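Report on the following structure.
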Number of protein chains: 4
Amino acid sequence: MEPAERREQILIHAARLFAERGYHSTSVADIIAAAGIARGTFYLYFESKRAIFEELLDRLMTRLASCIRRVDVSDGAPPPGEQLLCTMARVFDVFAADRTMLAILLSGAVGLDKGFDDKLAEFYGRVALVVERSLELGEELGIVRPCNRRVVARAAIGALKEVLATMLEDGDASCAELARGILDLFSRGVLVEGASIA
Amino acid sequence: MEPAERREQILIHAARLFAERGYHSTSVADIIAAAGIARGTFYLYFESKRAIFEELLDRLMTRLASCIRRVDVSDGAPPPGEQLLCTMARVFDVFAADRTMLAILLSGAVGLDKGFDDKLAEFYGRVALVVERSLELGEELGIVRPCNRRVVARAAIGALKEVLATMLEDGDASCAELARGILDLFSRGVLVEGASIA
Amino acid sequence: MEPAERREQILIHAARLFAERGYHSTSVADIIAAAGIARGTFYLYFESKRAIFEELLDRLMTRLASCIRRVDVSDGAPPPGEQLLCTMARVFDVFAADRTMLAILLSGAVGLDKGFDDKLAEFYGRVALVVERSLELGEELGIVRPCNRRVVARAAIGALKEVLATMLEDGDASCAELARGILDLFSRGVLVEGASIA
Amino acid sequence: MEPAERREQILIHAARLFAERGYHSTSVADIIAAAGIARGTFYLYFESKRAIFEELLDRLMTRLASCIRRVDVSDGAPPPGEQLLCTMARVFDVFAADRTMLAILLSGAVGLDKGFDDKLAEFYGRVALVVERSLELGEELGIVRPCNRRVVARAAIGALKEVLATMLEDGDASCAELARGILDLFSRGVLVEGASIA
DNA sequence: AATGAATGAGGCTTCATTCAT
DNA sequence: AATGAATGAAGCCTCATTCAT
């Protein structure tokens, strides 16, 4: 088998196992058994168990990062809502295409190492900045009302993560539906216009 | 030292370590070193490393559960928004009082065991149901507009978790401020009245 | 409770536990739980777990030793067969009265320690000598035919031990019956008079 | 080193240690030190300390079982006494060839576990049945006189065990001599023909 | 490129014994 | 005479990693 191919094959099996059982409950023995290779072979392709996990995480973050773009408000661009829906759809698709990764990103990494957690934190931090910047833009354009942008950005990320983690499993809601629900929630809130709860 | 006192002392040190390093990276050796007790003493008070973690988790979930109440809409009750703010304040206080727990609940348990994950999932499921029921009530009262309540409930939980996890650390935002920001977001959304992003 | 009484109480419970589970599977915790005393109290009465076992073994060996007598062939003494039956009956009674001990003597001690095994070996060695001497006597009197007395003595002890260990449990054979069976076997063998198997 | 060879090497060292010190007093550390291997290597070949003991026991029982055959009384078969001597010689040889095993089978297993004791009890039970059946056959042929066959079978096993355990060590008696002594004892008993001890 | 036997640090847990009260 | 909390040595087992073939 070609080296690159073999490498990929190991990655795939490892990803599945990490997602199913978590990082700590997946042993190198499990991975090589699943991949059908010898113990030593694993170390020909990856420096360590940690390294393979790290690579999986990097790939995932890269793919996700490429989904997320600041809203384009130049003339001729699609309406912002549509852009946001598209971004969310892309994110959802990344996970839907490979549920395996979902569990990893949402949970698996934590507690591994300060290094891992920092990496993840930094990633989410960058995403949060993009969101904040978009909100700021919206505000400048008079579309978004003044708000605690940092809170809103984090809330949005958290909402997305939780909905993904808990609802993607159940087949009873389509990705589009979920995306629209979240966007609607963040746009208008849940209150009837004019109503007050205070 | 009194047994109950000693037990508590061990719990406190274990909680701190679990929170700092995660479950897997904390060894019983670490715990007993921190608590200043002998190896055997630990097992006098807890059946296993897993058992002490389980107890910490149980305690936390119990405390949190006691914070969360469905909105009371009977006559004379405080306005719903205020009630929600109070609930959120209580939740924030639980974590603020003991940051240690935060990390555990938000992340640490994952990947330990199917049992643990299920327990946590069930807890969040129960919280989600309370939120959904409150939304339903609001809808009946004409305050809340129709929406996908399951999505909104999960989004709310996710938003809270993420904000807690990332922003409680920074001293630059008070609990009240964060709670108000989230409530506002979920009430009215971020759009200027009348604006549209579609 | 009187010290002597308490000591006895601990011994009884320990004996039962050792017999039921063996030496290694019986912990000091088990003994004190059964005896209803505190940990420290145990060590007021016995130096160690090993010491209590040793005492039980000593008692048993003493009791057994008192059962076994060389055959008396002086005038007016009961016939030798009757004496042997009586000896066996006494031995059986010791065990029947306290099955608890049976398991200990037949098996439990082994593997504890070189010291224990030696003690047991020496005990059986003394019993063997008594038997050998009795056979020698019988030979001198023209009752017993020449034979390898050492082998016969050991065989007799082994036969008794095995029959005790395996058949005393089953209620379907009385002690008297077992004793008679063994004595008959060792007296006449199993062959029909005049038959040959060579 | 070849896996099968290494496995055997570990087994040999373990057998020696178990025989010398008993199961409980032999630690995995002892075994690996004796075998000159690393801790992990042991577990590459055996699931647990218990498992290696179990295998040793199984092997021994299998070898012994293959020694023991019911007496063949068809025409042309060797005389029964000769067959019995052969069986005993085979049994003695198994132990003589590997004294190590003797201690294990005669004693070591006891108190390990209910499972072990049961296994051993069942093995001896099967042997007893073979002996009983042979006695029955002898009776039908008019060679063996009526007797309590169950007692005789157990007595025979016990006699053999004890003689093996205590006399094989001393070099002063050959296997053949011991076997002949026991067979003679069980055939004719110890009494002079016509004598009575009642 | 691949293998798989070997390694050994490190983890969890048990339990006989001691000692302050 | 009694208690029971505390101790810590010792045991079993796992598993990521290495290396000779």
Side-chain angles (χ1 to χ4, degrees), chain A residues 1-3 5-7 24-33 35-53, chain B residues 1-7 10 24-32 35-52, chain C residues 1-3 5-7 24-33 35-53, chain D residues 1-7 10 24-32 35-52:
Chain A
M1 187 181 287
E2 288 242 322
E5 196 182 343
R6 161 126 316 174
R7 205 183 138 81
H24 291 288
S25 303
T26 300
S27 66
V28 173
D30 292 333
I31 297 173
I32 63 172
I37 58 171
R39 246 183 151 62
T41 308
F42 177 88
Y43 287 91
L44 289 180
Y45 291 93
F46 300 95
E47 238 186 21
S48 64
K49 176 183 158 187
R50 188 198 156 105
I52 197 173
F53 187 78
Chain B
M1 188 181 285
E2 287 236 326
E5 197 183 341
R6 163 117 323 165
R7 204 182 140 82
I10 300 175
H24 292 287
S25 303
T26 302
S27 67
V28 172
D30 293 333
I31 298 173
I32 64 173
I37 57 173
R39 211 152 259 282
T41 308
F42 177 87
Y43 288 93
L44 226 50
Y45 292 92
F46 300 96
E47 251 192 7
S48 63
K49 176 181 154 185
R50 188 200 156 103
I52 196 174
Chain C
M1 189 181 287
E2 288 243 321
E5 198 184 342
R6 163 128 313 173
R7 203 183 140 82
H24 290 288
S25 302
T26 300
S27 67
V28 173
D30 293 333
I31 298 174
I32 63 173
I37 58 171
R39 248 185 152 62
T41 310
F42 178 88
Y43 288 90
L44 289 180
Y45 291 93
F46 300 95
E47 237 186 22
S48 66
K49 177 183 159 187
R50 188 199 155 106
I52 196 174
F53 187 77
Chain D
M1 189 181 285
E2 287 235 327
E5 196 184 342
R6 164 117 319 169
R7 204 182 140 82
I10 300 175
H24 291 288
S25 303
T26 301
S27 69
V28 173
D30 294 332
I31 297 174
I32 63 173
I37 57 172
R39 207 155 264 279
T41 308
F42 177 87
Y43 290 94
L44 226 50
Y45 292 93
F46 300 96
E47 249 191 8
S48 63
K49 175 182 154 187
R50 188 199 157 104
I52 196 173

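Note on naming: letters A, B, ... go to the chains in the order of the sequence lines (proteins, then strands), and numbering restarts at 1 for each one. Because the structure is predicted, anything quoted here is derived from the model rather than measured.
When rounded to the nearest whole Å, the span between CZ of Phe42(B) and C1' of dC15(E) equals 17 Å. One atom, CG of Asp30(A), and another, P of dT14(F), lie 13 Å apart when rounded to the nearest Å. Between the CZ atom of Phe53(A) and the C1' atom of dT17(F) there is a distance of 19 Å, rounded to whole Å.
Using a 4.5 Å cut-off on side-chain heavy atoms (C-beta onward), Tyr45(D) and Ile52(D) make no contact.
Proximity of Arg6(A) to the phosphate of dA2(E): a side-chain N or O atom is located under 4.0 Å from OP1 or OP2. Remark: Thr41(A) is in phosphate contact with dT3(E), judged by side-chain N or O atoms under 4.0 Å from OP1 or OP2. Taking only side-chain nitrogens and oxygens, Tyr43(D) never comes nearer than 4.0 Å to OP1 or OP2 of dT14(F). Put simply, Tyr45(A) has a side-chain N or O that comes within less than 4.0 Å of OP1 or OP2 on dA2(E).
Residue-to-nucleotide proximity on DNA chain E shows that, of Lys49(C) and Met1(D), the 5′-proximal contact is made by Met1(D). Comparing Gly40(A) and Ser27(B) by the nucleotide of DNA chain E whose heavy atom lies nearest to each, the residue mapping closer to the 5' end is Gly40(A).
The nucleotide dA1(E) finds no pairing partner, because no Watson-Crick or G-U wobble arrangement with both distances shorter than 3.5 Å includes it.
Under 3.5 Å, the side chain of Arg39(A) and the base of dT18(F) form no donor-acceptor pair of N or O atoms.
Taking only side-chain atoms of Leu44(A), from C-beta outward, the nucleotide of dT3(E), dA2(F), dT13(E) with the closest atom is dT3(E).
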